[in-house]
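I have placed the structure first, in the form of structure tokens, so that the comments after it can refer back to it.
What you see below is based on every heavy atom in this structure, not just the backbone, and it leaves out hydrogens, waters and symmetry mates.
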Amino acid sequence: DSTRTVLAQLDDPIMIRAYVTRDLPQPYGRMRRFIEDTLRSYHEAGHGKVGYEMIDPNADPNVAMALAAMRIPRVQVQAIDNDKAQIKQGYLAVVVEYLDKKAVIPVVQGEQGFEYLLTSKIRKLTGKGMIKVGVASGFGATPLFALHTFSQLVGDDYQLVDVPLDRPDAAIPDDVRVLVVDGFEQAPSDRARYLLDQFRLSGRGLLVLAGNAKPDLSAGFTVRPVKPEAEGWLKDMGVAVEPGLVLDTRATAITVNTPNGKVYVDYPFIPQIQDIDRTHPVTRGLNAVSLPFVSPLAWAGEAKGSRRDVLLKSSDQAARQSGPPYDINPLLPLVQRFTGVTFVPSTLAVAVGGPAVSAFSAPPAGIPSTAFKAKADDSRMVVVGSPGMLDDELFNGASASLTLNMIDWLARDASMIALRSRSVIQRPLIEVGATERTVWKGLWMFGLPLLVGMAGLGRWLAWLPVRQDTVCLDQARGV
């Protein structure tokens with residue numbers, strides 16, 4: 001259990017204070033009991049290192065002033081009192097204190113995901129269980145400083161560092177447990193390829209986002225083509241990027257600004273992926289993921305004893321657009337977009353684990369051979385065909401869950417994946433076939449009126465004998 005692991009590593013005690021207003025209407029009223037039960041379980045698991053306190057801010061004006069200083073807002077909830085709707089204000093906040101540092105959950109949104117959020121705050125505050133994740137730069141890869149949303153969302157769980165690979169003396173720090181390569185646009189140098197090869201064989205995790213085009217949304221819907229040689233090094237590790245961009249009839253709805261205002265369209269170049277490996281730790285618990293401007297992947301070479309898993313696939317009603325150039329106009333009607341295409345499902349994300357062999361027989365010139373690894377018994381790598389998935393304009397909640405899961409699996413922290421998966425609440429609509437749609441449509445159009453008519457007929461038949469008895473009784477009385 002990740003929470004117990006984090007608490008067991010504490011060197012100094014922490015204090016968790018929950019500021020929850022009493023007598024809030026339901027369902028917020030139950031939240032106080034839930035938070036108190038959760039904090040009690042943390043206290044018991046902390047073996048003397050975790051204290052907690054439940055505080056009603058309305059009982060002390062000084063507490064409300066202190067919360068205002070921490071920019072913790074009051075929540076407004078609607079209550080029904082004497083058949084009148086009223087707005088009540090209160091607090092649903094949690095503050096974690098460790099030494100001279102604080103971490104704040106301004107508003108507890110609900111029970112689902114609370115443990116994951118609280119444990120993440122403790123990990124970041126104490127540094128216990130924090131994993132150092134490197135983001136590669138150079139050769140056109142998107143650097144860490146350009147990934148603002150990614151840094152904000154992922155920074156609560158990991159310590160992020162820049163790892164430049166294009167320097168003559170480039171090296172990957174030993175304490176980096178996961179390295180993210182976000183879309184090379186040029187072929188990496190031999191030194192960079194060797195560093196990536198040896199990093200993977202060291203037992204650490206490699207996450208590669210690779211594709212045929214990278215989005216450039218600063219001037220509208222455009223993409224920059226990526227040279228094929230920029231991703232050729234992946235073939236040495238058993239994965240190939242196939243030509244084209246995937247477009248799927250199972251598309252994600254987006255908003256597009258036009259001269260006539262905003263319009264909502266189903267955009268096939270951001271597929272809504274529901275064909276997910278439900279057994280792999282990376283994707284177990286996920287129900288739908290959207291990947292923007294994704295390229296198809298394929299296996300390259302023999303497995304050589306490694307385990308290969310397809311994590312994400314497009315639907316059967318997907319196609320591939322050849323290029324460059326790529327026509328990604330979001331306003332082109334879907335019927336026109338898919339006219340005359342060949343439907344073929346595509347692999348969009350893969351995981352490779354287990355034994356691995358180096359693509360090098362010896363280090364490149366200028367690199368000492370003392371630490372050279374020719375093979376490894378347990379390596380881990382994930383490749384996603386979407387080099388734009390971490391971009392600020394495209395990185396969302398579903399992408400964050402997938403990314404965090406990938407990093408945790410690569411860092412061998414499976415317990416955090418299980419904890420996070422319990423907080424996933426996205427549930428896509430189940431797609432039904434044409435026959436099923438016809439049946440349900442018929443039931444709603446004809447079955448429901450028929451059911452109402454039968455109910456009325458039954459009630460009339462039940463009432464008829466009573467009516468006849470009443471008439472006979474009236475006749476007997478001479479009425």
Before accepting this row, confirm whether a basic side-chain N of the pair Asp197/Lys373 lies closer than 4.0 Å to the acidic partner's carboxylate O.
no

So does Asp216 pair up with Lys214, basic N to acidic O under 4.0 Å?
no

Tell me, please, which residues at least two apart from Val344 pass side chain to side chain contact (heavy atoms under 4.5 Å, CB included).
Arg320

Counting only heavy atoms from other residues, nucleotides and ligands, does the tally under 6.0 Å from CZ of Arg167 exceed 12?
no

Take a 6.0 Å sphere around CG of Asp377 and say whether it holds more than 12 heavy atoms from other residues, nucleotides or ligands.
no

For the atom pair CD1 (Ile367) and CG (Leu195), what is the distance rounded to the nearest 0.5 Å?
5.5 Å

So with a 6.0 Å cut-off around NZ of Lys227, is the heavy-atom count from everything else above 12?
no

Looking only at side-chain N and O atoms, does Thr119 offer a donor or acceptor that is under 3.5 Å from a partner on Tyr42?
yes

Does Asp277 come within less than 4.0 Å of Arg284, counting only side-chain N to carboxylate O?
no

What I'd like to find out is whether the side chain of Thr403 reaches to under 4.5 Å of the side chain of Met406, using heavy atoms alone.
yes

Name the atoms and distances for all side-chain donor-acceptor pairs under 3.5 Å in residues 201-210, with sequence neighbours left out.
from	atom 1	to	atom 2	distance (Å)
Ser202	OG	Phe199	O	2.5
Ser202	OG	Arg204	NE	2.9
Arg204	NH1	Pro173	O	2.9
Arg204	NH1	Asp174	O	3.3
Arg204	NH1	Val176	O	3.0

Between Phe372 and Phe360, ring centroids under 6.0 Å:
no

Between the side chains of Asp248 and Ser315, is a donor N or O closer than 3.5 angstrom to an acceptor N or O?
yes

Look at atom CZ of Arg71 and say whether more than 12 heavy atoms of other residues, nucleotides or ligands are closer to it than 6.0 Å.
no

Should we count CZ of Arg307 as having more than 12 external heavy atoms under 6.0 Å?
no

Side chains of Phe139 and Ser189 in contact at under 4.5 Å (non-hydrogen atoms):
yes

Strictly under 6.0 Å, is that where the ring centroids of Tyr326 and Phe269 end up?
no

Who pairs with Asn212 by side chain to side chain donor-acceptor pair (under 3.5 Å), at least two apart in sequence or on another chain?
Ser295

